[in-house]
Structure formats: C-alpha cells, structure tokens
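These notes concern the structure reproduced below.
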Amino acid sequence: MQINVSKAVSAALDANKPVVALESTIISHGLPRPRNLQAAIEFEDLVASYGATPATIAVLDGIAHVGLEKNEVERISNEDIAKASIRDLPILTARKGSGATTVAATAYLAAKAGIKVFATGGLGGVHRGANESFDESADLSAMATNPVAIVSAGAKSVLDLSATLERLETLSVPVLGYKTNFFPSFWLSKSDLELDWRVENASEIAAVYKAQRALKQDQGILVANPIPEDQQWEKEEHDRILAEGVAAAVAQNVTGKAVTPFLLSYVVEASNGRSLEVNLDLVRNNIKLAAEIAKELAA
Ligand code: PSU
Ligand code: MN
C-alpha cells in the first residue's frame, strides 16, 4: 500500500524530532458531528503545543496518509467513510477506497512510517460475552506486532476489562500504569484490576520502549493513563447508562465492527453529552503524556 507521509511529519522524522500519531476512527465513528471536526483540529493543535508534530492517520482514495492536510481532516470528519482495521487496508488499496483507521490500523501504519508513539482515547479489547460472540478487537493483536507505545485511558469500560488484560498478557504486551496501580476504565479513573507495573514519568516509559527494541521484540507498549479523578464521569450514571447500552446492543443484534460505535453513540445520547466531554478530556490527557514520551525518545 502506498503510504504518503506529509511534509511536516517526514521533516520531523528525518530530524529525529518528536512525532505523535493520532487515529481517525475516533473522529469518523467515535465522536458526533460537527463536534468531531473541532476535536480533530484541537487534538492536532494540542500535540503541537506540547512541542511534537501531530500525525493523524487515515486512508484516502486508496492511499494511506500519515499526517493530514486541513482539507483531509475535514474529509475524515464530514464524509461517510468506512471504519478500517488492518484487514481492510488491502481492500481499500485495491478499490481506491477511503477509511478511518482504528487503533489497530493506525498503529500498523505508524510503525511502518517509523513513528514510535500514538495517543488515543481507549484501546479496543475483549467484549463482554466474548466467550459466545468471540468479539475481541484487533487492537490487541495489533499491539503484539507493532512496536508503538500507545497511550490510552485503559480500555473502554463497555468491554470485559479483566479478559482484555488476560489477552494482553498472552500476547506479551507490557501494560504500564502511569502513576497508578490500577487499570483505568476509560471514563472512570480506575477499575479494581491491579496492574503489575507502575511508572512515574515519561522517561521510565521511554526506557522500556528502548529495552524492547534492544531485545528485538515486536510488541508495542500499552501506557494506561487514567483521567484525573476530578474529571471522570460520575460512577453511578456511568454504570447505569453502560448497562443500558450493552443491553440495547444485544437487543438490536448489533455485531462486528458496529458494536463499538453503537455503544459510544448510545452513551453520548443517554448521558446528554456528559460521556462525550469526559471522552474528550481523557484524549487531551493522553496527548500530553504521548508528547512527553515522544520527546524522551527523540532526545
Ligand atoms: N477510543 C475512543 N473512541 C473510539 C475508539 C477508541 O475514545 O472511537 C475506536 C478506536 O478506533 C478503536 C476502536 O480501535 O474504537 C475499537 O473498535 P473495535 O472494538 O471494533 O475493534
Ligand atoms: Mn469487535
């Protein structure tokens, strides 16, 4: 597949300056219009404000773009484009189609372009009821094969977080709790799942990343970065609306790649936008840490 690295991103990579990858599925399928365009621009500006170059990644007309121009950011926000995981990339290439890349596809393309750090909202994972549905995000297997540090507020609490951590263990993906001993639960700062490893700063994370390369391992790192407690969603409302959303997905027979966008938009509506504000805040929080890690790795 042809990968077009934007001028700004390739200049930064050539000069060994910090670069942070951003995904496009969250823009096209995770956030409602027209708020999504505003968010896409804000995320890029935030990366830049922390001294790194943003590289939003998407597939446009069969070509993978690493770093988007302004009109391309508008395209992923306003056009109805497919949600694209790794397995969709060859199909979009053959058909000259467009796709918003998931965490999995973004990590894959970032790694190909030589980008080491990626900020998202929440990683995909094992869905509740996966013992019957087999619904496990390709984000997990992608983390096992792409050497990118992904900064995420844990995984979405609509998932089976315990099973998600078990799979990450099987896949040999290190999970580092940033200033926490517990796996964050996306809109909530913590779950009751304890992590093996806690780190206090970006330089510790960069050291693990470098050690992984020295060991010639193919895995990335999941940096579990909790939203600050005073910004999290109120637990009672969170638990109630999530249970409703999961039940609605089952009742309406939502399956496959439609599940995550369905649940996200369900909770945004049911919470009158409260979950959306928390979602945006946790991405902002992840971008800050990702930029710090990218700067450590470029130093
Ligand atoms: N995190 C967010 N919003 C999102 C997603 C993650 O804050 O929309 C997206 C990511 O692109 C992730 C995808 O890769 O949800 C997971 O989808 P699935 O469960 O179908 O693999
Ligand atoms: Mn799935």
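Counting starts at 1 for both ligands and their atoms, in listed order. Just so you know, these numbers use all the heavy atoms, side chains as well, and skip hydrogens, waters and symmetry mates.
Close approach of ligand 1 to L264 is summarised as follows: ligand atoms under 4.0 Å from at least one heavy atom of the residue are 3 (N), 4 (C), 8 (O). Close approach of ligand 1 to D139 (heavy-atom distance below 4.0 Å) involves ligand atoms 12 (C), 14 (O), 16 (C). Remark: ligand 1 atoms within the under-4.0 Å shell around heavy atoms of N279 are 7 (O). Counting atoms of ligand 1 from 1 in the listed order, those under 4.0 Å from a heavy atom of T102 are 11 (O), 14 (O). Remark: ligand 1 atoms within the under-4.0 Å shell around heavy atoms of G121 are 7 (O). Close approach of ligand 1 to G122 is summarised as follows: ligand atoms under 4.0 Å from at least one heavy atom of the residue are 1 (N), 2 (C), 6 (C), 7 (O).
With 2.8 Å as the limit, D135 counts as an N, O or S neighbour of the Mn ion (ligand 2).
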CA sep, side-chain torsions, deciding dist, call: D80, R33, salt bridge (charged side-chain N to carboxylate O under 4.0 Å, His left out): CA-CA 11 Å; D80 290 321; R33 288 179 199 156; 2.9 Å; yes

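With respect to R240 and E244, a salt bridge is recorded, a charged nitrogen being found less than 4.0 Å from a carboxylate O. Salt bridge absent: R274 and E237 never bring a charged side-chain N and a carboxylate O closer than 4.0 Å. D139 has no carboxylate O lying under 4.0 Å from a charged side-chain N of K156, or vice versa, which leaves the two without a salt bridge.
Every N/O-N/O distance between A104 and ligand 1 stays at or above 3.5 Å. Not a single N or O atom of F186, backbone or side chain, sits closer than 3.5 Å to an N or O atom of ligand 1.
At most 12 non-hydrogen atoms from other residues, nucleotides or ligands lie less than 6.0 angstrom from CD of E269.
Contacts with ligand 1 closer than 4.0 Å are made by side-chain heavy atoms of T260 only, the backbone lying farther away. With a 4.0 Å cut-off on non-hydrogen atoms, I26 touches ligand 1 through its backbone as well as its side chain. Contact annotation: for H127 versus ligand 1, heavy atoms closer than 4.0 Å belong to the side chain alone. Here L282 has no heavy atoms under 4.0 Å from ligand 1, in either its backbone or its side chain.
The closest non-hydrogen atom to atom 20 (O) of ligand 1, taken over K156, E136, K257, K83, comes from K83.
Defined by atom type and a distance below 3.5 Å, a donor-acceptor pair is missing between the side-chain atoms of H127 and S133.
Within the 4.5 Å cutoff, side-chain heavy atoms of Q252 are placed close to those of F262. A 4.5 Å side-chain heavy-atom check between D196 and V175 finds every atom pair outside the cut-off.
Ligand 1 lies within reach of E23, whose nearest heavy atom is under 4.0 Å from it.
Judged by distance alone, with hydrogens and angles left aside, the side-chain atoms of E204 form a donor-acceptor pair with the main-chain N or O of E200 at under 3.5 Å.
Protein heavy atom in closest approach to atom 21 (O) of ligand 1: S137 OG, 2.6 Å.
Partner of S24 under the side chain to side chain donor-acceptor pair (under 3.5 Å) criterion, chosen from N36, T101, T102: T101.
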